[in-house]
Amino acid sequence: MFALLVAGVSAVTAWADGGRIPIAAHQLPYVITNSGSYVVTDHLVGTSGVSAIVVGADFVTLDLNGYSVTGPIDAITQSPGRHGLTIKNGTLRAPNGGIGLLATGHLTRVTGVRIMDYGTAGVRLGKGALVRDVYIGANALTNLSSVIGVDAREGLLARNVTVTGLRAAGGTSSGVNAGAGSVIRDTRVHGNQVFGSFIGTRGGRGSVLHGVTAGANPAGSISTGLWVDDVGVIAGGQVGPSPASGSSRAVFAGSYSVLADMNLGGTSVGALLVSNSVVVRSSFNHPGGSAITADSGNVIRENTIRGGNITVERANLVAGNMFRDAPVNFFADNYVLDNHFTGVTTPLRAGGGFNRIDRNTSAIGAAMVDAGGERNLVVRNRGPGLTVLNGGNDQVAATLNGSASMTAQQPWANINTAP
Amino acid sequence: MNRKMGMLSSLHCAALSSVGRLCLLWVVFAGSLAHAQTGIREIHAPITITNPGSYKLVRNLSHGVTPIVVAASDVTLDLNGFRVVSSGFFPPYGPAIEQQPGYRNLTVRNGSLLSADSHGLLALGPGTVVESVSIYGCQRSAMTLGDGARVIGCIVMSNTLSQSSAVIRLGEGGRLENTVAMGNQMTTGSVVSVGSYSHVDGVVVHDNHFSGVDGVGLTVGPGSRVERVAIHGQTAVAGSFRGLSTQGGTGQPGTMLAAVSVYSNSAQQTCVGIDAAGPATLRGVLSSYQTSTSANPATGIIVRDNAIVSAALTTHNTGNEGTGLRVEQGARVTASLATHNSHYGFSGINGAWFETCLAVTNGWRGFTLANNNRVQHSLAAGNGFPAPGGQEGGFRTTGNGNVIEYNHSWNNWRGVVVNGANNLVTGNSALQNASGNYILSGGNHVGEVLVQPGPSFSTFNPWINFDL
């Protein structure tokens, strides 16, 4: 055993900077074959091979030491099947169309790193990666069909990531693209421009996006700020305008998602929901567009909507929202309760039947409810000049005029509050 | 300085006298500790640290007992990107790093730990900080820490625990931040366990596996705060599983959960996404695809005692009794959605208040109410299909003293089904339910059912239920 230990010590070829193994420019391409701690001692520019540095061992820590590593194609790659790589404190470049960091093994940690001048991706990571304090700048080539800033598989944990300056010629590009069960927080994706479609930050099924912002990402087709595939949570984030030839959407949420405490504005669509989602306590500001477009089975509660309508299909619960210059369009089987409207005539627009329209209030005159289908229940709504259009086949409580001495004789009546 | 180095090595030998056969190896490295100009002492070999200060590894360390023993307070240990391994030819091995009892304020950062037979880091004194450390291949825990610990930016993977324990355990008042626990194997216990008054912020618990009778993804003590957490893909092949379990009870403070997703976990026995004991507050949480693989209950969320739940979503929880959100005792639930659960959307056992909730397409019932619950301003649609028979549907009471008011029930197997006694049913509306809009037993308090009153109807009865 003595011999083994001595051999272990002597196997360390050179110690510098506290025992870490230095990597200098003349050693490129550098292949790491032993677990341990490595430090870059100069700006590195690879001119041969695929990568400037190849990591061929588990649990390697590579301190870029403030220097940059430029790859002949990729800057740094991890060999297949290797895990536990830590990269920190420096800059990666892959100006010939490669990837800044290609580490598809499990549990890579990337902290304090800038990635510039890359090709199809800034970093591409395997499962369980941890990314913090990372800046992804402009990519090198503008003719690629798809570019992704951070591309990671399941279980990504990302914090304080900035993606900006990304360019692409077509296809779908993303600032951050993560697999299922990821947590992405305090991340900014802005100032990117593509000719195809763009997604600011995308989380796979079961992911949490919190405190994530996106904006000023113009796209030739569709620009989406935040995206969760299914069963995701998006909370506490902000999305601003991104001009797009197709449509610009602040949020896209697949089925079974929670959207809470968001500030969204300036996009043509605020939130595009598939079905069975919850949208609460969020602010939508989309004049001339759509605040929320959803299919069926959603809860939309305690939001403020300025401009842009809400359009939902069937079996939705729309309750306790504040609408300014915005109506709610709904088809059938919905419960529309206790909302308040200002600045829009006919704010409650039922395209189908079997809805319950109950206890809503409006500050503007004229027709308050358009009960387009049949067998809608319209009760206890209040507003000046309240009338119900197309209510012939519906169950509509009589509209009573308010007065200076109202009594509660007809508790289900709709109330006309005109002077 | 050399005299000091010799003293430290001797201390280490004394501390490890039970394995004296290894002392010879320590002597090889006597004098390996050197003061650098920065005042940070370099560690070249296994060591017992007996003085406060800053230490830095300058190579990988491997030792068959405990490579680094900390027998001082106020020690900062920079692993400098290196690996500390407790392994060798003579098991049992100790922890990779062990703080001896009675000391405090240990900081370990920037490297990786492995213990083939014990803990990666065992530091039970208060005030430990662990930052940017990867821990793998351990058999007792990745890290077991005392009160007031902070764990930041760590990765914990591929540990195989041989006994009931936690992969990551923090005492009271801890903070666990920006950490991933993935691919660990356990018999029973919890992947992550934090004590009372702790803060868990930004954590991924992913793809861990249990072989024993009971497994938990994340256990938190009373008075804690949990936010920005994803718990995904755990399996318990022989027992039960809970994704997130909060502890607490009468007279104890509650736990707050926000922006939490518990997704796609499975257990042979019962499987629960979030099990919140005590007066928890849940806000913006999602529990989906919890599955019992052998005909046992699966539940998205259970709240037990005076909880407040807002914007919770449960879906696709599947077992022989698959429930979205279950209230055991006295909780208020608002703006929440339960859908595609195999049996029940919302279940109130005693004293629940559901307000502006939506139950859609659950297998048996949208809302099932035992005793003394209230459901108000809520919508049930498409529940009870394919028709299991019996009394399933949108809203159903099975006990006494419930209040069902101002709800809308559409296209369920049955609309509002009231069994038991002294339930109050007023102001509801129902239509197009396949097997009846209202099925009401005697002995309850029910507002008149008004059938299709037509346009411009008038009534002076405030208790009307509408059959549309």
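Here is the naming used below: chain letters follow the sequence lines, and residue numbers restart at 1 for every chain. Predicted, not measured: the structure shown is a model, and the values here were computed from it.
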Contacting moiety of S287(B), where chain A heavy atoms sit under 4.5 Å | neither

Minimum side-chain heavy-atom gap D338(A)-H377(B) below 4.5 Å | no

Chain A contact via V229(B) - which portion, at a heavy-atom distance below 4.5 Å | backbone

Between G297(A), A235(A), A319(A), the one whose heavy-atom pairs under 4.5 Å with chain B are most numerous | G297(A)

With only heavy atoms counted, which part of A371(A) is less than 4.5 Å from chain B, the side chain, the backbone, both or neither?
-> neither

Grab the two heavy atoms, one from R281(A) and one from S310(B), that are nearest each other, plus how far apart they are.
-> NH1-OG, 3.0 Å

Contact winner vs chain B - V278(A), D333(A), V378(A), heavy-atom pairs under 4.5 Å = D333(A)

Option that, when pairs with chain A are counted at under 4.5 Å, heavy atom only, ranks first among S112(B), A259(B), G284(B) | A259(B)

Report the distance from atom CG of L130(A) to atom CG of N178(B), rounding to the nearest 0.5 Å.
-> 5.0 Å

Under 4.5 Å heavy-atom distance to chain B, tell me which part of K127(A) shows up: side chain, backbone, both or neither.
-> both

Honestly, the part of N393(A) sitting under 4.5 Å from a heavy atom of chain B is neither

Least distance between heavy atoms, S132(B) atom then R109(A) atom = C-NH2, 3.6 Å

Minimum-distance pair of heavy atoms, taken over all atoms of Y263(B) and A180(A) = CE2-CB, 4.4 Å

Between CG on residue L157(A) and CD1 on residue I155(B), distance to nearest 0.5 Å = 8.5 Å

Against chain A, label A312(B) side chain, backbone, both or neither, depending on which of its atoms sit under 4.5 Å from a heavy atom there.
-> backbone

Examine distances only and state if a side-chain atom of S261(B) and a backbone atom of G232(A) form a donor-acceptor pair shorter than 3.5 Å.
-> no

In terms of heavy-atom proximity below 4.5 Å to chain A, should S429(B) be classed as side chain, backbone, both, or neither?
-> both

Assert top hit (heavy-atom pairs under 4.5 Å, partner chain B, pool V208(A), V233(A), L107(A)) equals L107(A)

Any donor-acceptor pair under 3.5 Å linking the side chain of N80(B) with the backbone of G19(A)?
-> no

Note, E154(A) side chain near D207(B) side chain (heavy atom, < 4.5 Å) | no

Indicate the atoms forming the closest heavy-atom contact of G206(A) with A230(B), along with that distance.
-> O-CB, 4.1 Å

Mind checking the OG-CG spacing from S37(A) to L79(B)? Nearest 0.5 Å is all I need.
-> 9.5 Å

Can you tell which part of S257(A) gets under 4.5 Å to a heavy atom of chain B, answering side chain, backbone, both or neither?
-> backbone

Tell me, side chain or backbone of L317(A) under 4.5 Å from chain B's heavy atoms, or both, or neither?
-> both

Pair count under 4.5 Å, heavy atoms only, with chain A: among L313(B), T339(B), L379(B), highest is L313(B)

Proximal component of R375(A), with respect to chain B [non-hydrogen, under 4.5 Å] | both

Residue pair V258(A), V285(B): steps toward the side-chain contact (heavy atoms from CB on, under 4.5 Å) verdict | CA-CA 7 Å; V258(A) 175; V285(B) 301; over 6 Å; no

Examine whether an atom of S182(A) lies under 4.5 Å from a heavy atom of chain B, and if so say whether it belongs to the side chain, the backbone or both; otherwise answer neither.
-> backbone

Against chain B, label N355(A) side chain, backbone, both or neither, depending on which of its atoms sit under 4.5 Å from a heavy atom there.
-> backbone

Just by modelled atom types, is the N461(B) backbone N or O under 3.5 Å from a matching donor or acceptor in the W412(A) side chain?
-> yes

To the nearest 0.5 Å, atom CZ of F354(A) lies from atom CG of N411(B) at 9.5 Å

Which atoms of N60(B) approach chain A - backbone, side chain, both or neither, heavy atom under 4.5 Å = side chain

Sort out for me which of V260(B), V360(B), V204(B) touches chain A most, counting heavy-atom pairs under 4.5 Å.
-> V204(B)

Which one, A158(A), S296(A), S277(A), leads in non-hydrogen pairs under 4.5 Å with chain B?
-> S277(A)

Heavy-atom distance under 4.5 Å to chain A: side chain of N407(B), backbone, both or neither?
-> backbone

When the aromatic ring centroids of H83(A) and Y136(B) are compared, is their separation below 6.0 Å?
-> no

Please look at V379(A) and chain B and tell me whether the side chain, the backbone, both or neither of the residue comes under 4.5 angstrom of a heavy atom of that chain.
-> side chain

Check the pair H316(B) / V231(A) against side-chain contact (heavy atoms from CB on, under 4.5 Å), numbers first and verdict last.
-> CA-CA 10 Å; H316(B) 287 89; V231(A) 286; over 6 Å; no

Segment of S378(B) engaging chain A (4.5 angstrom heavy-atom cut-off) = backbone

Side chains of R205(A) and S264(B), donor plus acceptor under 3.5 Å | no

Any side-chain heavy-atom pair of L337(A) and H408(B) under 4.5 Å | no

Give the minimum heavy-atom separation between A315(A) and A381(B), together with the two atoms involved.
-> CB-CB, 3.8 Å

Indicate the atoms forming the closest heavy-atom contact of T356(B) with R301(A), along with that distance.
-> OG1-NE, 2.8 Å

Flag side-chain contact, heavy atom, 4.5 Å: R132(A) against I152(B) | yes

Spacing of L468(B) atom CG and N376(A) atom CG [to the nearest 0.5 Å] = 9.0 Å

Under 4.5 Å from a heavy atom of chain B, the part of N316(A) involved | backbone

Under 4.5 Å from any heavy atom of chain B - which part of V280(A) = side chain

Are the side chain of R356(A) and the backbone N or O of S409(B) linked by a donor-acceptor pair below 3.5 Å?
-> no

Best-contacting candidate, L377(A), L209(A), I300(A), against chain B by heavy atom pairs under 4.5 angstrom = L377(A)

With distance as the sole test, does Q410(A) use its side chain to make a donor-acceptor pair with the main-chain N or O of F460(B) at under 3.5 Å?
-> no

Tell me, side chain or backbone of D394(A) under 4.5 Å from chain B's heavy atoms, or both, or neither?
-> backbone

Considering only heavy atoms, which portion of F466(B) lies under 4.5 Å from any heavy atom of chain A: side chain, backbone, both, or neither?
-> side chain

E227(B) side chain near H210(A) side chain, heavy-atom distance below 4.5 Å = no

With chain A, which of L450(B), I231(B), V133(B), L57(B) has the greatest number of heavy-atom pairs at distances under 4.5 Å?
-> V133(B)

Under a 4.5 Å heavy-atom cut-off, does chain B meet the side chain of S275(A), its backbone, both or neither?
-> neither

Whatever's closer than 4.5 Å to a heavy atom in chain B on L156(A) counts as backbone

Do S288(B) and Y256(A) have side chains that get closer than 4.5 Å, going by heavy atoms?
-> no

Charged tip of R359(A) within 45° of Y406(B) ring normal and under 6.0 Å = no

Greatest number of non-hydrogen atom pairs under 4.5 angstrom with chain A, of R228(B), R83(B), M157(B), H232(B), falls to R228(B)

